[in-house]
Amino acid sequence: MTVYFIGAGPGAADLITVRGARTLASCQVCLYAGSLVPRELLAECPPDARLVDTAQLNLDEIIAELVRAHEEGLDVARLHSGDPSVFSAVAEQMRRLDAAGVPYEVVPGVPAFAAAAASLKRELTVPTVGQTVILTRVANRATAMPEGEDLATLGRSGALIVLHLAAQYVDRVVAELLPHYGADCPAAVVAYASRPDEVIIRGALDEIAPKVKAAGVLRTAVIMVGRTLGAQQFRDSHLYSPGRERHAR
């Protein structure tokens with residue numbers, strides 16, 4: 001048997017990848033976070049699949065379910081919102097499975113920041129304006145940030161910053177980024193990206209916090225800050241330039 005860590009996408013059920021949907025349909029057991037994964041995706045599971053909502057389970061209990069399936073010879077779909085490579089808590093599960101000798105694979109998904117950029121109709125890397133995207137979060141009581149990865153330090157780069165799990169700390173985000181990005185820097189917050197109840201908030205960095213509070217956005221949102229969000233006057237990329245040498249195939 002194999003445990004498949006599947007990226008379920010940012011919210012809309014039809015944003016799961018074809019590979020993800022096919023894998024889900026072939027697994028006899030499915031573990032999913034009921035608060036984050038769309039219920040419609042569970043319709044892809046086999047009719048007799050064992051469904052386990054992990055919303056109220058701790059790590060030990062989740063691993064016990066995966067090991068149990070392994071002992072029964074059953075493939076497992078472990079559904080995670082977004083993409084497993086970013087802020088998914090998959091690393092600690094894989095570490096436990098390695099120790100238990102349980103095989104696993106990872107099926108990528110559409111990350112929340114990509115869905116947010118699509119909703120904003122923005123490319124995050126724009127020629128001569130910005131070519132770097134930083135994915136990060138803010139420190140909280142549960143998990144501190146590693147040394148050198150605080151917002152004040154990251155902000156010195158001037159790169160586009162995408163913050164996950166930070167909407168409730170928007171005042172702190174603005175305070176730490178203002179000295180580096182300036183009050184007029186474009187900012188945006190997208191909550192529930194790709195879902196019917198999606199919320200999009202745009203504004204300059206110095207005005208985004210009150211807008212977020214007025215909208216009642218606290219969770220399931222990404223904050224984006226950077227000049228590429230408002231870029232209009234920029235050079236066309238070299239990729240499609242008429243002057244670029246192209247070789248016939």
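Everything numeric here is computed off the predicted structure, so don't read it as measured data.
Formation of a donor-acceptor pair under 3.5 Å by the T228 side chain with backbone atoms of T125 is not found in this model. Not one N or O on the side chain of S35 forms a donor-acceptor pair closer than 3.5 Å with the backbone of A55. With hydrogens and angles disregarded, a donor-acceptor distance shorter than 3.5 Å links the side chain of T54 to the backbone of Y32.
Going from atom CD of Q93 over to atom OH of Y104 covers 10.5 Å, rounded to the nearest 0.5 Å. A distance of 13.0 Å separates CZ of R202 from CD of E207, quoted to the nearest 0.5 Å. Going from atom SG of C45 over to atom CG of L79 covers 6.5 Å, rounded to the nearest 0.5 Å. From R39, atom CZ reaches atom CG of L41 across 11.0 Å, with rounding to the nearest 0.5 Å. Distance check, rounded to the nearest 0.5 Å: CG of D75 to OG1 of T23 gives 9.5 Å. Atom CD in E65 sits 5.5 Å away from atom CG in L31 (nearest 0.5 Å).
Side-chain contact between L66 and L97 is present, with heavy atoms from C-beta onward closer than 4.5 Å. In this structure, V174 and L205 have side chains that are in contact, with non-hydrogen atoms separated by less than 4.5 Å. Under the 4.5 Å side-chain criterion, counting only non-hydrogen atoms from C-beta, P111 is not in contact with V86. Under the 4.5 Å side-chain criterion, counting only non-hydrogen atoms from C-beta, R96 is not in contact with I62. Under the 4.5 Å side-chain criterion, counting only non-hydrogen atoms from C-beta, I161 is not in contact with V173. For the pair V3 and H70, the minimum side-chain heavy-atom distance is 4.5 Å or more. In this structure, the side chains of V52 and L57 come closer than 4.5 Å at one or more pairs of heavy atoms. A 4.5 Å side-chain heavy-atom check between L229 and L124 finds at least one atom pair inside the cut-off.
Looking at every heavy atom in both residues, A115 comes nearest to P10 through CB-CG, 3.4 Å. Nearest approach of D83 to G109, heavy atoms of both residues: OD1-N, 2.8 Å. A69 approaches V76 most closely through the heavy-atom pair CB-CG2, 3.2 Å.
Taking the six-membered ring where tryptophan is involved, the planes of H80 and F5 are tilted, since the angle between them lies from 30° to 60°. Classified by interplanar angle (parallel below 30°, tilted 30° to 60°, perpendicular above 60°), the ring pair H164/F87 is tilted.
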Verdict with supporting geometry, R50 and V29, side chain to side chain contact (heavy atoms under 4.5 Å, CB included): CA-CA 5 Å; R50 184 165 75 235; V29 179; 3.8 Å; yes
Check the pair I134, S157 against side chain to side chain contact (heavy atoms under 4.5 Å, CB included), reporting the backbone distance first and the verdict last. CA-CA 10 Å; I134 298 174; S157 69; 3.5 Å; yes
Under the criterion side chain to side chain contact (heavy atoms under 4.5 Å, CB included), I'd like the reasoning laid out for I16 against I6: C-alpha separation, chi angles, the key distance, then a yes or no. CA-CA 9 Å; I16 191 172; I6 302 173; 4.2 Å; yes
Dump the intermediate steps for side chain to side chain contact (heavy atoms under 4.5 Å, CB included) on M145 and R137, then the final yes or no. CA-CA 8 Å; M145 293 294 287; R137 62 171 187 80; 3.8 Å; yes
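Salt-bridge annotation for R19 and E105: absent, with no side-chain N of the basic residue lying under 4.0 Å from a carboxylate O of the acidic one.
Contacts of D197 classified as salt bridge (Lys or Arg N to Asp or Glu O under 4.0 Å), with partners at least two apart in sequence or in another chain: R195.
Put simply, L177 and L160 are part of two different groups of oily side chains (I, L, V, M, F, W, Y) that touch within less than 4.5 Å, one to the next.
Side chain to side chain, R227 and Y181 fail the donor-acceptor criterion of an N or O pair below 3.5 Å.
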